[in-house]
Amino acid sequence: MAYSKIAVPSEGQRITTREGKLNVPDNPILLWIEGDGIGPDIMTASKRIWDAAVQKAYGGQRKIAWMEIYAGEKAAGIFGGDYFPAESLQAIREFVVGIKGPLTTPVGGGFRSLNVALRKDLDLYACIRPVKWYPGVPSPLRHPEQVNVVIFRENTEDVYAGVEYKSGSPEAAKVEKFLKEEMGARFFDNSGIGIKPISAFGTKRLVRKALDYAVQNGRKSVTFVHKGNIQKFTEGAFMQWGYELAKDEYGSVTITEQQLWDEFGGKQPAGKIIVKDRIADIMFQQMLLRPSEYDVIATPNLNGDYLSDAVAAEVGGVGIAPGANIGDFLAVFEATHGTAPKYANQDKVNPGSLLLSGVMMLNYIGWGEAAKAAEDAYTKTVADKIVTYDFARQMDGAQEVQTSEFASAVIARL
């Protein structure tokens, strides 16, 4: 389509899909959204690293054609107050893969979350958060090296479906009347009301993605995290549908935890993935005390929101936690932290979250060599104690550098 404000690079080619797979040219057009607050600082630094890693890995045979699209405050300035212009949405549908910096979300009012809108409008139903420790990164754990999980959080259902009614509104009164008089529910008058939908369809496509990942990457287990002991027909159903999907579609490569002990004496057979589940509150304790027992995690939205950030805190915090929102093919990778406006334009903050999200993006398009080059160089830089202020204040003998200087140090270690 023709775009009014977005410029399509002439030197690149679109990523397409063919026979259920991505078809990636050697000069793919990849989308980028700068982000608000610290977005410009970390995006500039990260793009330098990704481009250098691609050059290092492929010697000029492959190159990214970057195409900027707009959301957040920059979009509002360009599109007359529109924080999420329709042509940016259309560009993602057309060009398939992109990455974004953090976007402003007001608390308690104003426009709806741009992140939630992006996930819902494009049906990016899987929020994927790999969490592992990099040597030298400050951690509150004695053994952070035991943390190496990939969290698959359902993006479109649960409380994030956004079905809620304000206390005192006609809509809330109508729902309250129905629930009390027709369904026999009991709760305080004039409550704000939220509805929590969880479906078999939404659950199974999320679990399918988690199991596909486990199979393709040689992972040992997939754990369903839920609060099904209390919310039996939503989160409990999530667990049950997950087990059904594993048995029906992955029965040749999966066993349950019960089978592990009943049939195999607790010893995991080669080529089998253990499928298990944990109650959400217990899972938080488990990830502190026994993190090595968990590998791939699949969870409804709200549990995944809490768990992703909590586990990230064990290995350095959300400042270096990568993430992606992925549908069947469309994928938007993202910094998982906020906009930190007090540090905007100071060339100060850690670009790790966005940088490592770009590593995920390179892997997603099949450019694993470039992804590995960037991640290895990042690891070496941190191990050499060349870090931004957030890590420097927690590390003995660290060399504190600016965002742009950190990028240069990573590039020097490619």
Side-chain angles (χ1 to χ4, degrees), residues 32-51 66 68-78 83-84 98-108 110-111 113-116 118 129 131 134 136-140 305 308-310 312-324 332-361 374 377-378 381-382 384-411:
W32 63 286
I33 296 171
E34 186 173 61
D36 300 326
I38 60 173
D41 284 348
I42 62 174
M43 183 62 77
T44 299
S46 296
K47 283 177 65 187
R48 286 177 55 209
I49 295 168
W50 302 326
D51 283 338
W66 293 106
E68 184 175 12
I69 62 174
Y70 305 99
E73 294 170 354
K74 190 171 184 178
I78 294 172
Y83 281 77
F84 197 19
I99 191 162
K100 70 178 187 67
L103 296 173
T104 298
T105 297
V107 177
F111 54 87
S113 165
L114 298 178
N115 296 316
V116 173
L118 188 71
R129 295 275 295 270
V131 187
Y134 291 93
V137 173
S139 167
D305 195 1
S308 295
D309 285 2
E314 298 178 3
V315 296
V318 295
I320 61 164
V332 178
F333 298 81
E334 65 177 352
T336 59
H337 51 71
T339 59
K342 71 177 183 178
Y343 294 121
N345 303 313
Q346 294 183 29
D347 195 24
K348 182 180 179 70
V349 299
N350 191 334
S353 175
L354 187 64
L355 167 58
L356 295 172
S357 297
V359 168
M360 290 180 69
M361 180 174 66
Y378 169 82
T381 306
V382 174
D384 288 343
K385 296 188 177 183
I386 301 173
V387 291
T388 47
Y389 82 99
D390 54 322
F391 284 175
R393 62 189 177 185
Q394 302 178 68
M395 298 167 67
D396 293 332
Q399 177 185 343
E400 181 178 334
V401 294
Q402 295 179 307
T403 311
S404 56
E405 294 171 330
F406 181 80
S408 297
V410 172
I411 291 168

Rounded to the nearest 0.5 Å, what separates atom CD in Gln399 from atom OG1 in Thr381? 10.5 Å
Are Gln346 and Ile38 side-chain neighbours, meaning at least one heavy-atom pair lies under 4.5 Å? no
Test applied, side-chain contact (heavy atoms from CB on, under 4.5 Å); reference residue, Ser46; option that passes from Leu356, Val359, Leu355, Val410: Leu355
Shortest non-hydrogen contact from Arg129 to Gly323? CD-CA, 3.8 Å
For a quick test of reading the model, state the closest non-hydrogen atom pair linking Val349 to Thr403 and the distance between them. O-OG1, 2.7 Å
If we only count heavy atoms from C-beta on, is the Phe406 to Phe391 side-chain gap below 4.5 Å? no
Keeping Asp384 on the side-chain end and Ile386 on the backbone end, is there a donor-acceptor pair under 3.5 Å? no
Got a salt bridge between Lys74 and Glu68, using NZ or NE/NH1/NH2 to carboxylate O under 4.0 Å? yes
So Lys100 and Trp32, do their side chains get closer than 4.5 Å, heavy atoms only? no
Minimum heavy-atom separation for Asp347 and Asp41, please, with both atom names. N-OD2, 2.9 Å
Counting distance only, does the side-chain N/O of Ser357 pair as donor-acceptor with the main-chain N or O of Glu334 below 3.5 Å? yes
Minimum heavy-atom distance Ala407-Arg48, with the two atoms named: CB-NH1, 3.6 Å
On the 0 to 90° scale, with breaks at 30° and 60°, tag the Tyr134-Tyr378 ring pair as parallel, tilted or perpendicular. perpendicular
At their closest point, which heavy atom of Thr339 faces which heavy atom of Leu103, and how far apart are they? CG2-C, 3.5 Å
Does a salt bridge link Asp396 with Lys385, judged by any charged N lying under 4.0 Å from a carboxylate O? no
Between Asp36 and Thr104 (side chain of the first, backbone of the second, donor and acceptor by atom type, cut-off under 3.5 Å), is there such a pair? yes
For the CD atom of Glu405 and the CD atom of Glu400, what is their distance to the nearest 0.5 Å? 9.5 Å
Any side-chain heavy-atom pair of Ile42 and Pro102 under 4.5 Å: yes
Provide the closest heavy-atom pair for Trp50 versus Met43 in the form atom of the first, atom of the second, distance. CZ3-SD, 4.1 Å
Only distances under 3.5 Å count here; give the side-chain donor-acceptor pairs of residues 312-322 to other protein atoms, sequence neighbours excluded, each with its distance to 0.1 Å.
none

